[in-house]
2 protein chains.
Amino acid sequence: MQSRTPATRASGRPRSATADAAILAATREALVELGWSKLTLGDVATRAGVAKTTLYRRWAGKNELVVDAVAELFDELRLPDCGTLAADIEGVVLQFAAILARPEAKSGLMAVIAESIRDDALRERIRASIVDRQKRLVLDGRARAQARGELPPTDPEEAARTVDLIFDMVAGTVVHRTLVSARPADEVWVRAFTRLLLQGLTASP
Amino acid sequence: MQSRTPATRASGRPRSATADAAILAATREALVELGWSKLTLGDVATRAGVAKTTLYRRWAGKNELVVDAVAELFDELRLPDCGTLAADIEGVVLQFAAILARPEAKSGLMAVIAESIRDDALRERIRASIVDRQKRLVLDGRARAQARGELPPTDPEEAARTVDLIFDMVAGTVVHRTLVSARPADEVWVRAFTRLLLQGLTASP
DNA sequence: CCATTACGCTACGACTCGTAGCGAAACCGC
DNA sequence: GCGGTTTCGCTACGAGTCGTAGCGTAATGG
(Lines give C-alpha, C1' and ligand atoms only; values in the text may rest on other atoms or scores of the structure.)
Protein backbone atom coordinates (compact mmCIF):
# COMPACT_ATOMS: atom_id res chain seq x y z
CA MET A 1 0.00 0.00 0.00
CA GLN A 2 1.70 3.17 -1.16
CA SER A 3 -0.17 5.66 1.03
CA ARG A 4 -0.90 8.85 -0.87
CA THR A 5 -0.48 11.79 1.47
CA PRO A 6 -3.50 14.13 1.36
CA ALA A 7 -1.11 16.97 0.51
CA THR A 8 -0.04 15.21 -2.68
CA ARG A 9 -3.65 14.32 -3.44
CA ALA A 10 -4.71 16.24 -6.52
CA SER A 11 -7.92 16.20 -8.50
CA GLY A 12 -8.58 13.52 -11.03
CA ARG A 13 -10.10 10.09 -11.24
CA PRO A 14 -9.47 8.23 -7.98
CA ARG A 15 -7.97 4.78 -7.91
CA SER A 16 -10.48 2.03 -7.58
CA ALA A 17 -10.38 0.57 -4.08
CA THR A 18 -12.24 -2.52 -5.18
CA ALA A 19 -9.57 -3.11 -7.80
CA ASP A 20 -6.94 -3.16 -5.05
CA ALA A 21 -8.82 -5.81 -3.13
CA ALA A 22 -9.46 -7.85 -6.27
CA ILE A 23 -5.80 -7.73 -7.26
CA LEU A 24 -4.53 -8.82 -3.85
CA ALA A 25 -7.09 -11.63 -3.69
CA ALA A 26 -6.15 -12.72 -7.19
CA THR A 27 -2.50 -12.71 -6.17
CA ARG A 28 -3.17 -15.06 -3.27
CA GLU A 29 -5.27 -17.27 -5.53
CA ALA A 30 -2.44 -17.45 -8.06
CA LEU A 31 0.03 -18.22 -5.27
CA VAL A 32 -2.04 -21.21 -4.26
CA GLU A 33 -2.51 -22.54 -7.78
CA LEU A 34 0.83 -21.72 -9.37
CA GLY A 35 3.27 -20.94 -6.58
CA TRP A 36 5.77 -18.10 -6.56
CA SER A 37 7.94 -18.96 -9.52
CA LYS A 38 5.15 -19.56 -12.03
CA LEU A 39 3.10 -16.57 -10.91
CA THR A 40 3.06 -13.86 -13.59
CA LEU A 41 1.65 -10.37 -13.35
CA GLY A 42 -0.25 -10.86 -16.55
CA ASP A 43 -2.04 -13.83 -15.06
CA VAL A 44 -2.90 -11.95 -11.88
CA ALA A 45 -4.31 -9.10 -13.94
CA THR A 46 -6.56 -11.46 -15.86
CA ARG A 47 -7.79 -13.12 -12.65
CA ALA A 48 -8.54 -9.75 -11.07
CA GLY A 49 -10.32 -8.48 -14.17
CA VAL A 50 -8.02 -5.49 -14.63
CA ALA A 51 -5.45 -4.51 -17.21
CA LYS A 52 -1.82 -5.46 -16.73
CA THR A 53 -0.81 -1.82 -16.94
CA THR A 54 -2.95 -1.07 -13.90
CA LEU A 55 -0.81 -3.45 -11.85
CA TYR A 56 2.40 -1.72 -12.89
CA ARG A 57 0.95 1.67 -11.99
CA ARG A 58 0.47 0.58 -8.37
CA TRP A 59 3.29 -1.84 -7.66
CA ALA A 60 6.90 -1.77 -8.75
CA GLY A 61 6.89 -5.50 -9.48
CA LYS A 62 6.07 -9.01 -8.37
CA ASN A 63 7.95 -8.71 -5.09
CA GLU A 64 6.07 -5.71 -3.75
CA LEU A 65 2.73 -7.08 -4.87
CA VAL A 66 3.19 -10.41 -3.10
CA VAL A 67 4.38 -8.72 0.08
CA ASP A 68 1.15 -6.75 0.26
CA ALA A 69 -0.93 -9.80 -0.59
CA VAL A 70 0.72 -11.92 2.09
CA ALA A 71 0.75 -9.16 4.68
CA GLU A 72 -3.05 -9.16 4.78
CA LEU A 73 -2.93 -12.74 6.02
CA PHE A 74 -1.31 -11.58 9.23
CA ASP A 75 -4.01 -9.01 10.02
CA GLU A 76 -5.89 -11.49 12.17
CA LEU A 77 -2.93 -12.10 14.48
CA ARG A 78 -3.88 -11.15 18.06
CA LEU A 79 -2.31 -11.62 21.49
CA PRO A 80 -4.72 -13.66 23.62
CA ASP A 81 -4.96 -13.25 27.40
CA CYS A 82 -5.07 -16.79 28.74
CA GLY A 83 -3.90 -16.09 32.28
CA THR A 84 -0.41 -17.54 32.17
CA LEU A 85 2.64 -16.86 30.05
CA ALA A 86 2.76 -20.45 28.84
CA ALA A 87 -0.84 -20.34 27.67
CA ASP A 88 -0.34 -16.96 26.01
CA ILE A 89 2.66 -18.25 24.08
CA GLU A 90 0.84 -21.38 23.01
CA GLY A 91 -2.11 -19.32 21.83
CA VAL A 92 -0.14 -16.90 19.72
CA VAL A 93 2.12 -19.59 18.28
CA LEU A 94 -0.89 -21.64 17.25
CA GLN A 95 -2.32 -18.62 15.44
CA PHE A 96 0.99 -18.00 13.72
CA ALA A 97 1.26 -21.64 12.72
CA ALA A 98 -2.27 -21.63 11.34
CA ILE A 99 -1.42 -18.74 9.03
CA LEU A 100 1.83 -20.36 7.91
CA ALA A 101 -0.04 -23.56 7.15
CA ARG A 102 -2.02 -21.83 4.39
CA PRO A 103 -0.50 -22.50 0.97
CA GLU A 104 -0.52 -18.88 -0.13
CA ALA A 105 1.59 -17.97 2.91
CA LYS A 106 4.01 -20.84 2.40
CA SER A 107 4.49 -20.09 -1.28
CA GLY A 108 4.81 -16.35 -0.91
CA LEU A 109 6.53 -15.59 2.36
CA MET A 110 9.79 -17.46 1.91
CA ALA A 111 10.13 -16.27 -1.65
CA VAL A 112 9.86 -12.57 -0.85
CA ILE A 113 12.21 -12.95 2.10
CA ALA A 114 14.71 -14.58 -0.24
CA GLU A 115 14.31 -11.69 -2.65
CA SER A 116 14.72 -9.15 0.15
CA ILE A 117 18.28 -10.29 0.71
CA ARG A 118 19.45 -8.28 -2.31
CA ASP A 119 16.82 -5.53 -2.07
CA ASP A 120 16.91 -3.31 0.99
CA ALA A 121 13.74 -1.45 0.08
CA LEU A 122 11.87 -4.73 -0.12
CA ARG A 123 13.24 -5.83 3.23
CA GLU A 124 12.04 -2.60 4.79
CA ARG A 125 8.61 -3.13 3.27
CA ILE A 126 8.45 -6.64 4.75
CA ARG A 127 9.64 -5.39 8.11
CA ALA A 128 7.04 -2.66 8.28
CA SER A 129 4.05 -4.65 7.08
CA ILE A 130 4.74 -8.14 8.43
CA VAL A 131 7.62 -8.56 10.86
CA ASP A 132 7.09 -5.60 13.16
CA ARG A 133 3.51 -6.55 13.88
CA GLN A 134 4.68 -10.00 14.96
CA LYS A 135 7.41 -8.58 17.14
CA ARG A 136 4.93 -6.33 18.93
CA LEU A 137 3.11 -9.43 20.17
CA VAL A 138 6.31 -10.66 21.79
CA LEU A 139 6.88 -7.26 23.36
CA ASP A 140 3.37 -7.06 24.78
CA GLY A 141 3.37 -10.64 25.97
CA ARG A 142 6.61 -10.19 27.82
CA ALA A 143 5.43 -7.01 29.50
CA ARG A 144 2.26 -8.71 30.62
CA ALA A 145 4.19 -11.67 32.03
CA GLN A 146 6.41 -9.35 34.03
CA ALA A 147 3.36 -7.58 35.39
CA ARG A 148 2.06 -10.97 36.50
CA GLY A 149 5.38 -11.71 38.18
CA GLU A 150 6.09 -14.70 35.95
CA LEU A 151 9.33 -13.24 34.69
CA PRO A 152 12.09 -11.54 36.70
CA PRO A 153 11.98 -7.76 36.21
CA THR A 154 14.69 -6.30 33.97
CA ASP A 155 15.65 -2.78 32.99
CA PRO A 156 13.98 -1.63 29.75
CA GLU A 157 17.27 -1.58 27.86
CA GLU A 158 18.01 -5.22 28.63
CA ALA A 159 14.41 -6.14 27.84
CA ALA A 160 14.57 -4.64 24.35
CA ARG A 161 17.64 -6.70 23.54
CA THR A 162 16.02 -9.87 24.81
CA VAL A 163 12.82 -9.32 22.88
CA ASP A 164 14.76 -9.42 19.62
CA LEU A 165 16.26 -12.75 20.64
CA ILE A 166 12.98 -14.25 21.77
CA PHE A 167 11.29 -13.09 18.61
CA ASP A 168 13.89 -14.74 16.40
CA MET A 169 13.53 -17.92 18.44
CA VAL A 170 9.75 -18.10 18.26
CA ALA A 171 9.23 -16.98 14.68
CA GLY A 172 12.31 -18.77 13.39
CA THR A 173 11.45 -22.06 15.04
CA VAL A 174 7.87 -22.12 13.81
CA VAL A 175 8.90 -21.13 10.29
CA HIS A 176 11.61 -23.78 10.20
CA ARG A 177 9.26 -26.45 11.47
CA THR A 178 6.59 -25.56 8.94
CA LEU A 179 8.58 -24.73 5.82
CA VAL A 180 11.88 -26.59 6.13
CA SER A 181 11.01 -29.68 8.15
CA ALA A 182 7.57 -29.52 6.51
CA ARG A 183 5.75 -30.95 9.49
CA PRO A 184 2.65 -29.47 11.14
CA ALA A 185 3.04 -27.22 14.18
CA ASP A 186 0.09 -28.78 15.95
CA GLU A 187 -0.96 -28.54 19.61
CA VAL A 188 1.30 -31.33 20.80
CA TRP A 189 4.33 -29.78 19.16
CA VAL A 190 3.50 -26.28 20.37
CA ARG A 191 3.22 -27.52 23.94
CA ALA A 192 6.61 -29.18 23.79
CA PHE A 193 8.12 -26.09 22.21
CA THR A 194 6.66 -23.76 24.82
CA ARG A 195 7.93 -25.93 27.63
CA LEU A 196 11.43 -25.96 26.16
CA LEU A 197 11.39 -22.23 25.60
CA LEU A 198 10.33 -21.52 29.19
CA GLN A 199 12.36 -24.11 31.06
CA GLY A 200 15.36 -24.72 28.83
CA LEU A 201 17.22 -27.86 27.91
CA THR A 202 18.69 -28.52 31.35
CA ALA A 203 15.34 -28.74 33.11
CA SER A 204 14.57 -32.18 34.48
CA PRO A 205 11.41 -33.83 33.13
CA MET B 1 24.96 -34.99 -7.56
CA GLN B 2 22.90 -37.61 -9.37
CA SER B 3 24.94 -40.66 -8.42
CA ARG B 4 25.21 -43.06 -11.32
CA THR B 5 24.90 -46.58 -10.00
CA PRO B 6 27.80 -48.76 -11.20
CA ALA B 7 25.23 -51.19 -12.58
CA THR B 8 23.90 -48.52 -14.94
CA ARG B 9 27.42 -47.46 -15.83
CA ALA B 10 28.06 -48.35 -19.45
CA SER B 11 30.94 -47.66 -21.73
CA GLY B 12 31.36 -44.33 -23.41
CA ARG B 13 32.97 -40.97 -22.78
CA PRO B 14 32.85 -40.23 -19.05
CA ARG B 15 31.50 -36.99 -17.70
CA SER B 16 34.15 -34.41 -16.95
CA ALA B 17 34.65 -34.12 -13.18
CA THR B 18 36.40 -30.79 -13.55
CA ALA B 19 33.38 -29.47 -15.41
CA ASP B 20 31.20 -30.33 -12.42
CA ALA B 21 33.42 -28.37 -10.08
CA ALA B 22 33.64 -25.44 -12.48
CA ILE B 23 29.87 -25.31 -12.89
CA LEU B 24 29.16 -25.38 -9.16
CA ALA B 25 31.79 -22.71 -8.53
CA ALA B 26 30.36 -20.58 -11.32
CA THR B 27 26.91 -20.99 -9.81
CA ARG B 28 28.08 -19.66 -6.47
CA GLU B 29 29.86 -16.81 -8.20
CA ALA B 30 26.70 -15.90 -10.08
CA LEU B 31 24.69 -16.10 -6.86
CA VAL B 32 26.98 -13.53 -5.28
CA GLU B 33 26.94 -11.15 -8.21
CA LEU B 34 23.39 -11.51 -9.46
CA GLY B 35 21.36 -13.16 -6.72
CA TRP B 36 18.83 -15.93 -7.23
CA SER B 37 16.26 -14.22 -9.39
CA LYS B 38 18.66 -12.80 -11.97
CA LEU B 39 20.76 -15.95 -12.18
CA THR B 40 20.33 -17.68 -15.54
CA LEU B 41 21.65 -21.04 -16.64
CA GLY B 42 23.07 -19.52 -19.80
CA ASP B 43 25.13 -17.13 -17.72
CA VAL B 44 26.41 -19.91 -15.46
CA ALA B 45 27.42 -21.95 -18.48
CA THR B 46 29.42 -19.04 -19.89
CA ARG B 47 31.17 -18.44 -16.56
CA ALA B 48 32.06 -22.12 -16.24
CA GLY B 49 33.30 -22.32 -19.82
CA VAL B 50 30.88 -25.07 -20.82
CA ALA B 51 27.92 -25.26 -23.17
CA LYS B 52 24.44 -24.56 -21.89
CA THR B 53 23.32 -27.99 -23.05
CA THR B 54 25.87 -29.61 -20.75
CA LEU B 55 24.12 -28.04 -17.79
CA TYR B 56 20.75 -29.43 -18.81
CA ARG B 57 22.22 -32.90 -19.26
CA ARG B 58 23.27 -33.00 -15.58
CA TRP B 59 20.66 -30.98 -13.74
CA ALA B 60 16.92 -30.77 -14.26
CA GLY B 61 16.92 -27.01 -13.76
CA LYS B 62 18.00 -24.00 -11.74
CA ASN B 63 16.64 -25.37 -8.48
CA GLU B 64 18.61 -28.60 -8.44
CA LEU B 65 21.79 -26.87 -9.57
CA VAL B 66 21.69 -24.28 -6.80
CA VAL B 67 20.95 -26.91 -4.17
CA ASP B 68 24.12 -28.76 -5.09
CA ALA B 69 26.13 -25.55 -5.26
CA VAL B 70 24.95 -24.40 -1.83
CA ALA B 71 25.25 -27.85 -0.26
CA GLU B 72 29.02 -27.79 -0.74
CA LEU B 73 29.19 -24.78 1.56
CA PHE B 74 28.04 -26.93 4.45
CA ASP B 75 30.75 -29.54 3.98
CA GLU B 76 33.01 -27.83 6.48
CA LEU B 77 30.46 -28.04 9.29
CA ARG B 78 31.91 -30.06 12.20
CA LEU B 79 30.90 -30.73 15.79
CA PRO B 80 33.65 -29.42 18.06
CA ASP B 81 34.44 -30.97 21.43
CA CYS B 82 34.83 -28.04 23.78
CA GLY B 83 34.20 -29.87 27.05
CA THR B 84 30.77 -28.53 27.95
CA LEU B 85 27.42 -28.59 26.20
CA ALA B 86 27.20 -24.82 26.22
CA ALA B 87 30.57 -24.46 24.55
CA ASP B 88 29.75 -27.14 21.99
CA ILE B 89 26.52 -25.38 21.04
CA GLU B 90 28.25 -22.03 20.76
CA GLY B 91 30.92 -23.54 18.57
CA VAL B 92 28.62 -25.22 16.12
CA VAL B 93 26.22 -22.28 15.96
CA LEU B 94 29.10 -19.93 15.19
CA GLN B 95 30.16 -22.18 12.33
CA PHE B 96 26.62 -22.32 11.01
CA ALA B 97 26.28 -18.55 11.28
CA ALA B 98 29.56 -18.04 9.44
CA ILE B 99 28.30 -20.07 6.49
CA LEU B 100 24.96 -18.27 6.45
CA ALA B 101 26.78 -14.94 6.46
CA ARG B 102 28.25 -15.65 3.04
CA PRO B 103 26.26 -13.98 0.28
CA GLU B 104 26.03 -17.10 -1.90
CA ALA B 105 24.39 -18.94 0.99
CA LYS B 106 21.99 -16.11 1.77
CA SER B 107 20.94 -15.68 -1.84
CA GLY B 108 20.56 -19.35 -2.62
CA LEU B 109 19.35 -21.15 0.46
CA MET B 110 16.11 -19.33 1.12
CA ALA B 111 15.21 -19.34 -2.54
CA VAL B 112 15.50 -23.09 -2.99
CA ILE B 113 13.63 -23.70 0.25
CA ALA B 114 10.85 -21.49 -1.06
CA GLU B 115 10.80 -23.46 -4.29
CA SER B 116 10.76 -26.76 -2.40
CA ILE B 117 7.35 -25.95 -0.98
CA ARG B 118 5.70 -26.92 -4.27
CA ASP B 119 8.26 -29.55 -5.31
CA ASP B 120 8.56 -32.62 -3.11
CA ALA B 121 11.52 -34.04 -5.03
CA LEU B 122 13.41 -30.81 -4.47
CA ARG B 123 12.59 -30.85 -0.77
CA GLU B 124 13.92 -34.38 -0.51
CA ARG B 125 17.10 -33.33 -2.29
CA ILE B 126 17.59 -30.45 0.17
CA ARG B 127 16.89 -32.71 3.11
CA ALA B 128 19.41 -35.31 2.02
CA SER B 129 22.24 -32.96 1.06
CA ILE B 130 21.85 -30.10 3.53
CA VAL B 131 19.38 -30.53 6.37
CA ASP B 132 20.19 -34.05 7.51
CA ARG B 133 23.86 -33.28 7.95
CA GLN B 134 22.97 -30.38 10.22
CA LYS B 135 20.56 -32.50 12.21
CA ARG B 136 23.21 -35.12 12.81
CA LEU B 137 25.28 -32.53 14.66
CA VAL B 138 22.40 -31.96 17.06
CA LEU B 139 21.97 -35.68 17.55
CA ASP B 140 25.66 -36.26 18.29
CA GLY B 141 25.92 -33.21 20.53
CA ARG B 142 22.97 -34.30 22.60
CA ALA B 143 24.31 -37.83 22.99
CA ARG B 144 27.67 -36.49 24.09
CA ALA B 145 26.04 -34.17 26.65
CA GLN B 146 24.09 -37.05 28.12
CA ALA B 147 27.27 -39.12 28.38
CA ARG B 148 28.81 -36.23 30.30
CA GLY B 149 25.79 -36.12 32.59
CA GLU B 150 24.84 -32.58 31.57
CA LEU B 151 21.39 -33.63 30.41
CA PRO B 152 18.92 -35.92 32.17
CA PRO B 153 18.86 -39.37 30.52
CA THR B 154 15.82 -40.10 28.38
CA ASP B 155 14.65 -43.15 26.51
CA PRO B 156 15.78 -43.23 22.86
CA GLU B 157 12.25 -42.77 21.55
CA GLU B 158 11.72 -39.57 23.52
CA ALA B 159 15.17 -38.36 22.53
CA ALA B 160 14.48 -38.70 18.81
CA ARG B 161 11.36 -36.55 19.16
CA THR B 162 13.22 -33.91 21.11
CA VAL B 163 16.08 -33.74 18.64
CA ASP B 164 13.69 -32.65 15.91
CA LEU B 165 12.43 -29.86 18.14
CA ILE B 166 15.88 -28.72 19.18
CA PHE B 167 17.05 -28.77 15.60
CA ASP B 168 14.19 -26.57 14.44
CA MET B 169 14.92 -24.19 17.30
CA VAL B 170 18.64 -23.87 16.62
CA ALA B 171 18.59 -23.78 12.84
CA GLY B 172 15.40 -21.75 12.65
CA THR B 173 16.57 -19.14 15.11
CA VAL B 174 19.93 -18.60 13.43
CA VAL B 175 18.36 -18.45 9.98
CA HIS B 176 15.73 -15.98 11.14
CA ARG B 177 18.30 -13.79 12.84
CA THR B 178 20.54 -13.77 9.77
CA LEU B 179 18.08 -13.62 6.89
CA VAL B 180 14.91 -12.03 8.25
CA SER B 181 16.14 -9.74 10.99
CA ALA B 182 19.29 -9.29 8.89
CA ARG B 183 21.57 -8.81 11.87
CA PRO B 184 24.85 -10.65 12.49
CA ALA B 185 24.88 -13.77 14.67
CA ASP B 186 28.11 -12.75 16.39
CA GLU B 187 29.67 -14.12 19.56
CA VAL B 188 27.70 -11.91 21.91
CA TRP B 189 24.42 -12.93 20.35
CA VAL B 190 25.33 -16.61 20.23
CA ARG B 191 26.20 -16.56 23.95
CA ALA B 192 22.84 -15.03 24.83
CA PHE B 193 21.05 -17.51 22.59
CA THR B 194 22.82 -20.50 24.09
CA ARG B 195 22.05 -19.35 27.59
CA LEU B 196 18.37 -18.93 26.77
CA LEU B 197 18.25 -22.30 25.07
CA LEU B 198 19.80 -24.09 28.02
CA GLN B 199 18.15 -22.27 30.90
CA GLY B 200 14.87 -21.08 29.48
CA LEU B 201 12.96 -17.83 29.87
CA THR B 202 12.04 -18.31 33.52
CA ALA B 203 15.63 -18.58 34.75
CA SER B 204 16.71 -15.69 36.95
CA PRO B 205 19.68 -13.70 35.66
C1' DC C 1 37.97 -50.49 -34.95
C1' DC C 2 33.38 -49.94 -33.41
C1' DA C 3 29.67 -48.97 -30.25
C1' DT C 4 28.51 -45.77 -26.85
C1' DT C 5 28.27 -41.73 -24.38
C1' DA C 6 29.55 -36.79 -23.49
C1' DC C 7 30.65 -32.38 -25.41
C1' DG C 8 30.39 -27.78 -27.95
C1' DC C 9 27.84 -25.18 -30.95
C1' DT C 10 23.84 -23.21 -33.35
C1' DA C 11 19.21 -22.33 -34.00
C1' DC C 12 14.53 -22.36 -32.77
C1' DG C 13 9.47 -21.48 -30.97
C1' DA C 14 7.29 -20.23 -26.83
C1' DC C 15 6.88 -17.45 -23.19
C1' DT C 16 7.30 -13.41 -19.91
C1' DC C 17 8.76 -8.89 -19.06
C1' DG C 18 8.09 -3.93 -18.63
C1' DT C 19 6.82 0.08 -21.38
C1' DA C 20 4.56 3.19 -24.73
C1' DG C 21 0.64 5.06 -26.92
C1' DC C 22 -4.16 5.76 -27.42
C1' DG C 23 -9.08 6.92 -26.41
C1' DA C 24 -12.55 6.68 -22.84
C1' DA C 25 -14.03 7.20 -18.04
C1' DA C 26 -14.29 9.36 -13.43
C1' DC C 27 -13.52 12.95 -10.30
C1' DC C 28 -12.25 18.04 -8.91
C1' DG C 29 -13.03 23.21 -8.77
C1' DC C 30 -15.07 26.86 -11.17
C1' DG D 1 -22.16 22.23 -17.35
C1' DC D 2 -17.00 22.63 -18.52
C1' DG D 3 -12.05 22.36 -18.72
C1' DG D 4 -8.22 20.12 -16.11
C1' DT D 5 -6.43 16.05 -14.22
C1' DT D 6 -5.73 11.37 -13.24
C1' DT D 7 -6.92 6.56 -13.89
C1' DC D 8 -8.38 2.78 -16.70
C1' DG D 9 -8.57 -0.79 -20.48
C1' DC D 10 -6.58 -2.16 -24.53
C1' DT D 11 -3.05 -3.17 -28.00
C1' DA D 12 1.44 -3.61 -29.54
C1' DC D 13 6.28 -3.88 -29.12
C1' DG D 14 11.56 -5.11 -28.41
C1' DA D 15 14.24 -7.49 -25.24
C1' DG D 16 15.42 -11.33 -22.73
C1' DT D 17 15.08 -16.20 -21.07
C1' DC D 18 13.65 -20.87 -21.42
C1' DG D 19 14.31 -25.68 -22.65
C1' DT D 20 15.07 -28.59 -26.71
C1' DA D 21 16.64 -30.46 -31.18
C1' DG D 22 20.11 -31.39 -34.40
C1' DC D 23 24.75 -32.10 -35.84
C1' DG D 24 29.59 -33.05 -35.93
C1' DT D 25 33.41 -34.06 -32.79
C1' DA D 26 35.94 -36.01 -28.71
C1' DA D 27 36.82 -39.62 -25.35
C1' DT D 28 36.13 -43.91 -23.37
C1' DG D 29 35.58 -49.55 -23.26
C1' DG D 30 35.34 -54.11 -25.60
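Every chain is numbered from 1 and lettered A, B, ... according to where its sequence line falls, protein lines coming before strand lines. These values consider heavy atoms only, across backbone and side chains, with no hydrogens, waters or symmetry-generated copies.
- One can place CZ of A:R58 at 9 Å from P of D:dT7, the figure rounded to the nearest angstrom.
- In this structure, B:K62 satisfies the cation-pi test against B:W36, with its NZ or CZ atom closer than 6.0 Å to the six-membered ring centre and inside 45 degrees of the ring normal.
- The environment of B:R148 atom CZ is dense: over 12 non-hydrogen atoms of other residues, nucleotides or ligands sit within 6.0 angstrom.
- The side chain of A:T54 lies closest to D:dG9, out of C:dT4, C:dT19, D:dG9.
- Rounded to whole Å, atom P of D:dT20 lies 11 Å from atom CG of B:L41.
- Between A:K52 atom NZ and C:dA20 atom P there is a gap of 13 Å when expressed in whole angstrom units.
- Going from atom NZ of B:K62 over to atom C1' of D:dC18 covers 11 Å, rounded to whole Å.
- Classification of the A:F167-B:H176 ring pair by plane angle, with boundaries at 30° and 60°, yields perpendicular.
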Before giving the answer on salt bridge (charged side-chain N to carboxylate O under 4.0 Å, His left out), spell out for A:E64 and A:R125 the whole-Å C-alpha distance, their side-chain angles and the decisive distance to 0.1 Å. CA-CA 8 Å; A:E64 291 76 9; A:R125 193 188 191 93; 5.7 Å; no

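- In this entry the distance linking CZ of B:R15 with P of C:dG8 reads 12 Å, nearest Å.
- In this model, a donor atom of one side chain and an acceptor atom of the other lie less than 3.5 Å apart for B:T154 and B:Q146.
- Taking 3.5 Å as the limit, the base of D:dC10 and the side chain of A:T53 contain a donor-acceptor pair of atoms between them.
- Protein atom CG of A:L55 is 12 Å distant from nucleotide atom C1' of D:dG9, rounded to whole Å.
- Rounded to an integer number of Å, the gap from B:L39 CG to D:dG16 C1' is 15 Å.
- Looking at A:R13, its side chain comes within 3.5 Å of the base of D:dT7 through a donor and an acceptor atom.
- Put simply, the side chain of A:I130 does not reach to within 4.5 Å of the side chain of A:V112, judged on heavy atoms.
- The CG atom of B:D43 sits 14 Å away from the C1' atom of D:dC18 (whole-angstrom rounding).
- Near DNA chain D, meaning a heavy atom under 4.0 Å away, there are no residues from residues 108-116 of chain B.
- Between the base of C:dA6 and the side chain of B:R57 there is no donor-acceptor pair shorter than 3.5 Å.
- Place A:T40 and B:S16 on DNA chain C by their nearest nucleotides, and B:S16 ends up nearer the 5' end.
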Between B:D168 and A:T173, does a side-chain hydrogen bond (donor to acceptor under 3.5 Å, both in side chains) hold up when you go through it step by step? CA-CA 5 Å; B:D168 283 329; A:T173 303; over 6 Å; no

